[in-house]
Chemist: 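My questions all concern the structure below.
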There are 2 protein chains.
Amino acid sequence: MPQRLKLIVAYDGTSFSGWQSQASGNTIQDHLERAFKDVTGQQVRVHGAGRTDAGVHALAQCAHVDLPDRGLPTARWLSALNALLPPEIRVLQCRTTGPKFHARFSATGKVYKYRVWNAPILPPFERNRAWHVTAPLDKARIDATAQRFVGTHNFAGFAANRGTPVESSIRTIRTLGVRRAGALLTFEFDGDGFLYKMVRLIVGSLVRCGTGKESLVEIVTRLRSGEAHRARFVAPAEGLFLLRVRY
Amino acid sequence: MPQRLKLIVAYDGTSFSGWQSQASGNTIQDHLERAFKDVTGQQVRVHGAGRTDAGVHALAQCAHVDLPDRGLPTARWLSALNALLPPEIRVLQCRTTGPKFHARFSATGKVYKYRVWNAPILPPFERNRAWHVTAPLDKARIDATAQRFVGTHNFAGFAANRGTPVESSIRTIRTLGVRRAGALLTFEFDGDGFLYKMVRLIVGSLVRCGTGKESLVEIVTRLRSGEAHRARFVAPAEGLFLLRVRY
């Protein structure tokens with residue numbers, strides 16, 4: 001009997017070419033699909049809640065997969081998959097779910113964290129886990145600007161073109177928390193959905209605001225315009241973590 | 001005029017062959033000495049507070065170096081060294097010090113942390129940063145045994161032979177803190193000095209105690225005997241962090 005499995009997956013994105021399957025075969029989706037194929041002998045499609053770019057991390061990405069026939073009892077999939085996957089990818093949960101659950105279309109929101117290390121020296125253990133910004137950042141200024149992104153907006157000015165047309169660039173950011181703990185500055189985005197590179201484009205602008213290179217007025221004008229801009233400042237992938245997918 | 005520099009160095013030990021210089025050239029000491037040579041044109045010797053093994057990390061190793069003549073103003077060494085070193089090694093501080101200061105012989109103590117991840121699945125971000133122990137550990141049992149190590153003992157039963165004779169295997173552990181936060185179990189050792197592999201041998205026994213494979217009485221008997229034992233359980237290098245050197 002066919003079954004649909006729901007997976008919670010964590011990965012260190014450093015050495016992968018992102019989530020979505022590529023000819024190279026070195027994406028999270030490719031590794032998961034190969035692990036399923038190794039057990040079932042069949043090519044299956046793993047559907048993620050969203051694609052993450054090369055270098056982006058996840059603490060709890062969500063995915064589903066339909067297995068044509070029961071390769072293993074559900075309880076054994078977790079250890080079977082982790083035995084086959086590289087250690088940078090771990091399946092944290094694996095459960096059967098109903099046919100109505102879809103990792104992408106059932107999602108009601110996502111939570112992302114972006115980490116910035118704001119000090120002259122990047123400690124070895126922050127490498128590939130944070131964006132290293134040496135210029136001093138004004139946290140109060142950043143936070144004031146960040147709060148203008150909260151709410152429902154047309155985020156066209158903070159989205160990259162993926163090649164595929166998006167029906168609408170209107171999204172809602174429920175909260176955007178900005179916190180500083182020593183040299184670590186974190187941005188936590190909770191929203192109903194995010195356009196391509198939206199989090200990294202917003203963080204890129206907020207950091208420019210924190211160094212005084214861009215003003216609150218310039219950034220808010222760009223947000224309100226609802227138009228794509230050529231001058232874009234994309235924060236690097238290594239600081240971005242998908243924390244949670246809401247259903 | 002010759003000058004002595006005191007360095008505070010952090011490193012992710014994963015991809016290095018430990019602290020001490022080797023023919024391979026891939027040790028922390030080798031990388032530091034090459035960086036000094038690149039600037040001064042002269043071969044210098046970097047003296048560490050202690051050697052760490054391959055895979056062991058440091059948040060604040062201490063070292064000193066005598067520079068035959070002033071290659072750079074002191075204030076510029078920090079950025080010069082970090083520009084030449086691999087990103088897994090960072091010099092956090094660099095100051096001139098008097099000729100009486102010796103990184104190893106002036107040290108009055110060291111603080112080490114050992115991290116154990118005690119859960120069925122090792123998260124990707126704990127890879128190379130913790131010992132993955134899947135069997136459930138009894139924290140109360142471990143802590144009771146750990147406290148027997150505090151004080152002044154002959155630690156011969158918890159030391160590996162380095163090839164070089166040690167005058168005395170008597171050391172003092174001031175405190176040994178055992179903490180659990182979710183799946184993470186940490187051991188923090190504060191002592192006047194540690195024999196070769198002493199922290200990893202004590203943690204190895206404490207974890208065996210936590211799984212019930214060894215009893216408090218067996219471990220304390222071994223400690224009190226002051227004799228080397230053949231059966232030794234060395235916790236792996238990747239969980240060990242040198243936190244601080246006391247002067």
Chemist: Is it true that, when you exclude A:R174 itself, more than 12 heavy atoms of the residues, nucleotides or ligands shown sit nearer than 6.0 Å to its CZ?
Modeler: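 Above 12, so yes.
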Chemist: Can you confirm whether more than 12 heavy atoms, excluding those of B:R4, are under 6.0 Å from its CZ atom?
Modeler: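 Enclosed.
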Chemist: Taking 4.5 Å as the heavy-atom cut-off, does anything in residues 106-120 of chain A contact chain B, and if so which residues?
Modeler: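 Contacts with chain B: none.
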Chemist: Is it true that, when you exclude A:R76 itself, more than 12 heavy atoms of the residues, nucleotides or ligands shown sit nearer than 6.0 Å to its CZ?
Modeler: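 Check fails, neighbour count at 12 or below.
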Chemist: Of all residues at least two apart in sequence or in a different chain, which pass the ring pair (Phe, Tyr, Trp, His ring centres under 6.0 Å) check with A:H132?
Modeler: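 With sequence neighbours excluded, A:H132 shows a ring pair (Phe, Tyr, Trp, His ring centres under 6.0 Å) to no residue whatsoever.
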Chemist: Indicate the ring-plane relationship of B:F125 and A:H57, choosing parallel, tilted or perpendicular according to the 30° and 60° boundaries.
Modeler: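 Aromatic pair B:F125/A:H57 classed perpendicular.
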Chemist: Nearest 0.5 Å please: distance from the CD atom of B:E126 over to the CZ atom of A:R90.
Modeler: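 Here the rounded value is 13.5 Å.
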Chemist: More than 12 non-hydrogen atoms from neighbouring residues, nucleotides or ligands closer than 6.0 Å to CZ on A:R129, yes or no?
Modeler: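 Atom CZ in A:R129 is crowded, with more than 12 foreign heavy atoms closer than 6.0 Å.
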Chemist: I'd like to know whether CZ of B:R34 has more than 12 heavy-atom contacts from other residues, nucleotides or ligands below 6.0 angstrom.
Modeler: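 Yes, because the 6.0 Å sphere around CZ of B:R34 holds more than 12 heavy atoms from other groups.
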Chemist: Is there side-chain contact between B:L78 and A:I121, with heavy atoms separated by less than 4.5 Å?
Modeler: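 Side-chain contact under 4.5 Å: yes.
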Chemist: Among residues 7-16 of chain A, which ones touch chain B with a heavy-atom distance under 4.5 Å?
Modeler: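 At a heavy-atom separation under 4.5 Å, chain B is reached by A:A10, A:Y11, A:D12.
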Chemist: Name all residues meeting the salt bridge (charged side-chain N to carboxylate O under 4.0 Å, His left out) criterion together with A:R246; count only those two or more places apart in sequence or in a different chain, and write none if there are none.
Modeler: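 Only A:D190 meet the salt bridge (charged side-chain N to carboxylate O under 4.0 Å, His left out) criterion with A:R246.
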